[in-house]
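First up is the structure itself, then whatever we jot down about it.
Numbered from 1 within each chain, the chains take letters A, B, ... in sequence-line order.
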Amino acid sequence: MTKETLIVSLKGENATDPVRALTEPRWVRWSLIGVGVLFVALFLVMPLVEVFGSALDKGLEYYLNAVTDPMALSAIKLTLISAFFSVVLNTVFGVASAWAITKFNFWGKNLLITLIDIPFSVSPVIAGLIYVLLFGLQGLWGKWFIDHNMHIIFAVPGIVLATIFVTFPFVSRELIPLMQEQGSDEEEAALVLGATGWQIFWKITLPNIQWGLLYGVILCNARAMGEFGAVSVVSGHIRGLTNTLPLHVEILYNEYNFTAAFAVASLLTFLAVVTLIAKALVGARYEKEKEVLPSSLESEPTL
Amino acid sequence: MRFKSTGVLPGFGLSMGFTLTYLSLIVLLPLAALILKTTTLTWPQFVDEVTSPRVMASYRLTFGASLIAAVINSIFGAVVAWILVRYDFYGKRVVDALVDLPFALPTAVAGITLTAIYAPNGSIGKLFKPLGISIAYTPLGVTLALIFIGLPFVVRTLQPVLESLDPEIEKAALSLGASRWYTVTRVVLPSLIPAWITGFSLSFARAVGEYGSVVFISGNMPMKTEITPLLIITKLEQYDYAGATAIGVVMLFISFTLLLAINWVQDKAGQHRVIH
Amino acid sequence: MSIEVRKLNKTFNGFKAVQDISLKLESGSLVALLGPSGSGKSTLLRMIAGLEIPDSGEILLTGREATFVSAKERNVGFVFQHYALFKHMTVYENIAFGLRVRNQSEAEIREKVHNLLSLIQLSGFEKRYPSQLSGGQRQRVAVARALAPSPEVLLLDEPFGALDAKVREELRDWILKLHEESKVTTLFVTHDQNEALEVASRILIMNHGKIEQDGTPIEIFDHPATHFIAQFVGETNYIDTEVTEKGLAVWGPFRFPINPSFTKGQKVRIYFRPHDVYVTEQFETLQVKAKIKKTRFKGTVIEYLLDIGEGKSIFAQVPKGVALASGFKDGLDVYAAITAFHVFPL
């Protein structure tokens, strides 16, 4: 019996007794759906509506001015820069770590997996703090870097580092279970056929994990562009220089320039909505990628 | 550590080398710096720092609000997961996609938006104002923000487990004469408990460390609505690195404990967290 | 190309998968590696292919030391149990893969792939993806892909394990034909004795990481070397008794002349196949009295459970035609003799 047959349509009130006994009475179902949908509407839909409503409070022209303000544009630029580095480096890391972890056996593998997850369990404020302690004026190496005229804290490199930290595990978390599930048969087959390591990776592994990789990249990018706490600690909030979009929102808000704050926030919200849609679209392909080609005797061609 | 590979595919040295180098540079070394910095404090100084009245008040708010938020999310998150898996209704796919909004929406945006909604002149805040209840700038507001950011954790951990439950078990219970209520409470719900604990813990852990979505709605009044992560930032801005570090270490310790506990529950329940 | 293996060992987490195995396969032979699951046969095959590294021992391919040579350089063809076809590539690209990584020209590749497609009787399927093929078709593509780079050895790991009975039969014949045409040294792993007996010219039987017997199908079937093989290959009766006097063991009414090296009173187990029990309605010679207790129809033979007195019974198989002509039925009194048997000390 498949999942579909269990899902009883609300219209299917005349369903046969055994099926009906496998779900709840109509009033219970309606109440649960009501409660669930209301909860989602209250906590998730209302904020969405609020953002766009407040952003257009003073009209379209005001909105456009707020989002094309030079300070806003410089914040957009910095956000794109830090997201770019985070996505590229964490993608390379994700692929490398997943390859090492899923294709080989070695001592300490579970420990390594736990260590990779650390940035998820650490408060973003602490993520910022640790870089201040390393590279700040009073930090371990801070003096050396500043003496050599390399500014990391209250400068772009610090923002990029903090963003990399908070988005660190996104890609590897998707790839490790996916590649584990897929196994190494195809890679071994390619090896026996005479392929080199890079040929195996580009021609066999990468096409097999492309949707999972993209999924991880989407999540990584969304978090990188939206990160606030960690970046806030290391940024120094220098307008036009070390402000990312979320920090710019904060500054406008603290200056009681609410409409402008929401206008800039609406850009980030739009990004979030695009992320959710992309996630849903890629997610469907990703689910398919997880399925292993059946080899059992029932496997009928699916033409 | 002895990293001896068993496997014939190429690339172990390269991939493992890069993994360990990058992990050390980005995560391990900076975290070690945090621990190292704490050692500049003597033990009594450390204890003073992390138990001063203002810090204690922030713990009460942070952990109290996080706990309440996680409990509420465990209840309503379970309802949302249940209706998404078991029922069909119009707009289900939208609701499903929306559940991830707190993951995707930058926390600063969530913060100012929730504040605008629950402020005394906001769309919901003004409904409560005549009753003498203020939401924003009170612990209640902090809790609401934490509910927002924690919701997906419960839904997304329960959903796959609910989907994978074998319907044959429910049919068997039915054929043995069990009522639907009995089947759900005695057969279905108990098998969800490990995932439920995991979702609760993830939601709680996220709430404890949360900063962006809370700092706007909390009002940040010392002793009243000041959360622990904010206190770290305040200390940093006053160049009190040692104080910030001490509190940071306490939070880090709590995060690690939660991480290990979650992993333990998942291993125990045989959910494939990642791999073995 | 010949394959030689010397004192090979492989342990996984304390489990000895392969223990001290030595063997030699002549160029052009078709050999089966038969054994129950967990006997180490797949591990041995994977070590020969270079997919596992042995803990100790040597592997020689065409006399050259290859123990630590990369799988990439060994020029062996390997067919995986679950095919391991590249699922995002077409049939054509799957077969061409081993040629492309060797930088062969497009014209060469096209000719070779088309030849292989006709060899596996899948011409016209080149644009399909693995998911659009049946299990048997996938397995044939996997074999073609392995053969494309003209390997000197073909290794197959449970090649027909996941297929249904009828397709297995067809692929068996096909593999035999393929081997006759290509003459490539072939070693295949199977847990199916019929497959091994029918296809291979030589069978290696593995159990608990060791080779228990190495011989032709007839040798294996008629002269099992160990208890394990006597029970594992073919159907058999076995009885436990002790040596009554030098050169003789008695069990019920049966008297087994045995090798005089067994000492009096020694406990032995005697194996005999049901079709080696000679049953007739009339007494012929050297037979004992028996009564048919149960009849089971098994296709070309009919199996009888014979009561031979003293509460003892044995299975006998009689060709269907003979059984029908003799009018065997439950309750009938018959005469039985054991024409071939094997004795092992307990």
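For A/N90, the parts lying near chain B are the backbone and the side chain together; criterion is any non-hydrogen pair under 4.5 Å. Interface residue A/L89: backbone and side-chain heavy atoms are both found under 4.5 Å from chain B. Neither the backbone nor the side chain of B/I254 comes within contact range of chain A, judged by heavy atoms closer than 4.5 Å. For B/L202, no part lies under 4.5 angstrom from a heavy atom of chain A. Only the side chain of A/S232 comes within contact range of chain B, judged by heavy atoms closer than 4.5 Å. Heavy-atom distances place the side chain of A/L161, and not its backbone, under 4.5 Å from chain B. Heavy atoms closer than 4.5 Å to chain B are found in both the backbone and the side chain of A/V92. For B/A244, the parts sitting under 4.5 Å from any heavy atom of chain A are the backbone and the side chain alike. Heavy-atom distances place both the backbone and the side chain of A/V37 under 4.5 Å from chain B. Residue contact with chain B, scored on non-hydrogen atoms closer than 4.5 Å, involves the backbone and the side chain of A/T269 alike. Proximity to chain B (any heavy atom under 4.5 Å) is restricted, for A/V40, to the side chain, taken from C-beta onward.
A/Y253 and B/F216 have perpendicular rings, their planes meeting at more than 60° on a 0 to 90° scale where under 30° would count as parallel. Using the six-membered ring where Trp is involved, B/Y22 and A/F168 have ring planes that are parallel, under 30° apart on the 30 and 60° scheme.
Distance check: B/L29 CG to A/Y131 OH gives 9.5 Å after rounding to the nearest 0.5 Å. Taking OG of A/S54 as the reference point, atom CD1 of B/I117 lies at 8.5 Å (rounded to 0.5 Å).
For the residue pair B/A33 and A/L133, the shortest heavy atom distance occurs at O-CD1, 4.5 Å. Nearest heavy-atom pair, A/A96 versus B/T19, reported as atom, atom and distance to 0.1 Å: C-OG1, 3.5 Å. Summarising the geometry of A/K103 relative to B/L9, their closest heavy-atom pair is CD-CD1, 3.7 Å, with the distance given to 0.1 Å. Smallest separation of non-hydrogen atoms from B/G212 and A/F228: CA-CD2, 3.3 Å. The nearest pair of heavy atoms linking B/P106 to A/L268 is CG-CB, 3.7 Å. Taking all atoms of both residues into account, the shortest heavy-atom contact from A/G197 to B/P10 is CA-CG, 3.4 Å.
For the pair B/I149 and A/F43, the minimum side-chain heavy-atom distance is 4.5 Å or more. In this structure the side chain of A/L112 reaches within 4.5 angstrom of the side chain of B/L23, judged on heavy atoms. Between A/F262 and B/T113 there is a side-chain heavy-atom pair separated by less than 4.5 Å. Residues B/F89 and A/R29 are not in side-chain contact: their nearest non-hydrogen atoms beyond the backbone lie 4.5 Å or more apart. Looking at heavy atoms from C-beta onward, B/V27 lies out of side-chain contact with A/I116 at the 4.5 angstrom threshold. Considering only heavy atoms from C-beta on, B/L14 stays 4.5 Å or farther from A/W99 through its side chain. For the pair B/S123 and A/M46, the minimum side-chain heavy-atom distance is below 4.5 Å. At least one side-chain heavy atom of B/F256 sits less than 4.5 Å from a side-chain heavy atom of A/I118.
Paired with A/L276 under the rule side-chain contact (heavy atoms from CB on, under 4.5 Å), one option of B/L101, B/D96, B/V99 passes, and it is B/L101. Considering A/V132, A/I126, A/L134 in turn, A/I126 is the only one that fulfils the side-chain contact (heavy atoms from CB on, under 4.5 Å) rule with B/L34.
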Can you check side-chain contact (heavy atoms from CB on, under 4.5 Å) on B/M16 and A/F106, steps first, answer last? CA-CA 10 Å; B/M16 191 49 118; A/F106 52 89; 3.1 Å; yes
Could you go through B/L98 and A/L48, starting from their C-alpha distance and side-chain angles, then the distance that decides it, and tell me whether this counts as side-chain contact (heavy atoms from CB on, under 4.5 Å)? CA-CA 10 Å; B/L98 266 178; A/L48 266 187; 3.9 Å; yes
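For the options B/T183, B/L258, B/V95, B/L151, heavy-atom pairs under 4.5 Å to chain A are most numerous at B/L151. When each of B/G209, B/G111, B/S15 is scored by its heavy-atom pairs under 4.5 Å with chain A, the top score falls to B/S15. Note: B/D100 leads B/T228, B/D100, B/V249 in heavy-atom pairs under 4.5 Å with chain A.
A centroid separation of less than 6.0 Å is found between the aromatic rings of B/F76 and A/F39.
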